[in-house]
Amino acid sequence: MSVASTSPHQAATVGAQALTSAIGFTGHVLQAKTRDVKLKGKTAAALADQVLPALTEAVALLNAQDPAEADNFRAVIAVAIDAAATTQGHAGPVAADMARKITAAIA
């Protein structure tokens with residue numbers, strides 16, 4: 001989301017805050033794995049090529065093992081998307097488009 005934001009630093013900050021505020025199993029995993037994530041690339045396309053399939057895979061695994069936790073994961077991601085997209089009070093068209101892509105990946 002920060003790549004698509006008009007205020008990338010602020011979007012990253014509030015998005016990260018939403019992720020670190022997660023509870024349940026999802027919250028524990030996000031806290032434990034924060035420093036393990038290594039994204040390569042600097043463009044939106046390069047980052048999306050890594051992140052969107054990983055989100056889809058995570059939801060599929062959670063659905064298979066714990067559907068309630070899959071719902072929690074989706075909710076956490078939705079809050080992070082909303083927080084990052086609305087750093088300027090509203091989502092601009094680029095951020096809104098990225099939000100739709102992320103939401104589709106976790107559907």
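Open room surrounds CD1 on Ile23; 12 or fewer heavy atoms of other groups in view lie less than 6.0 Å from it.
Both Leu47 and Leu30 belong to a single network of hydrophobic side chains, linked directly or stepwise wherever heavy atoms of I, L, V, M, F, W or Y lie under 4.5 Å apart.
With rounding to the nearest 0.5 Å, the separation of CD in Gln65 from CG in Leu61 is 6.0 Å. In this structure, CG on Asn72 lies 4.5 Å from OG1 on Thr26, to the nearest 0.5 angstrom.
Evaluation of the salt bridge (Lys or Arg N to Asp or Glu O under 4.0 Å) test over residues 61-71, restricted to residues two or more places apart or in two chains, returns Asp71-Arg74. Counting only residues at least two apart or in different chains, salt bridge (Lys or Arg N to Asp or Glu O under 4.0 Å) contacts with residues 18-29 are absent. Sorted by first and then second residue, the side chain to side chain donor-acceptor pair (under 3.5 Å) pairs involving residues 94-104 (not counting sequence neighbours) are Asp97-Lys101.
Shown here are the salt bridge (Lys or Arg N to Asp or Glu O under 4.0 Å) partners of Asp82, two or more places apart in sequence or in another chain: there are none. Legend: residues meeting side chain to side chain contact (heavy atoms under 4.5 Å, CB included) with Ala83, ordered by chain and number and at least two apart, are Val14.
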Listing, residues 49-59 side-chain donor-acceptor contacts under 3.5 Å, not counting sequence neighbours, or none:
{"unit_1": "Gln50", "atom_1": "OE1", "unit_2": "Lys40", "atom_2": "N", "d": "3.1"}
{"unit_1": "Gln50", "atom_1": "NE2", "unit_2": "Lys40", "atom_2": "O", "d": "2.2"}
{"unit_1": "Gln50", "atom_1": "NE2", "unit_2": "Ala46", "atom_2": "O", "d": "3.2"}
{"unit_1": "Thr56", "atom_1": "OG1", "unit_2": "Leu52", "atom_2": "O", "d": "3.1"}
{"unit_1": "Thr56", "atom_1": "OG1", "unit_2": "Ala105", "atom_2": "O", "d": "2.8"}

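Closest non-hydrogen pair, Gly15 versus Ala80, comes out as O-CB, 3.9 Å.
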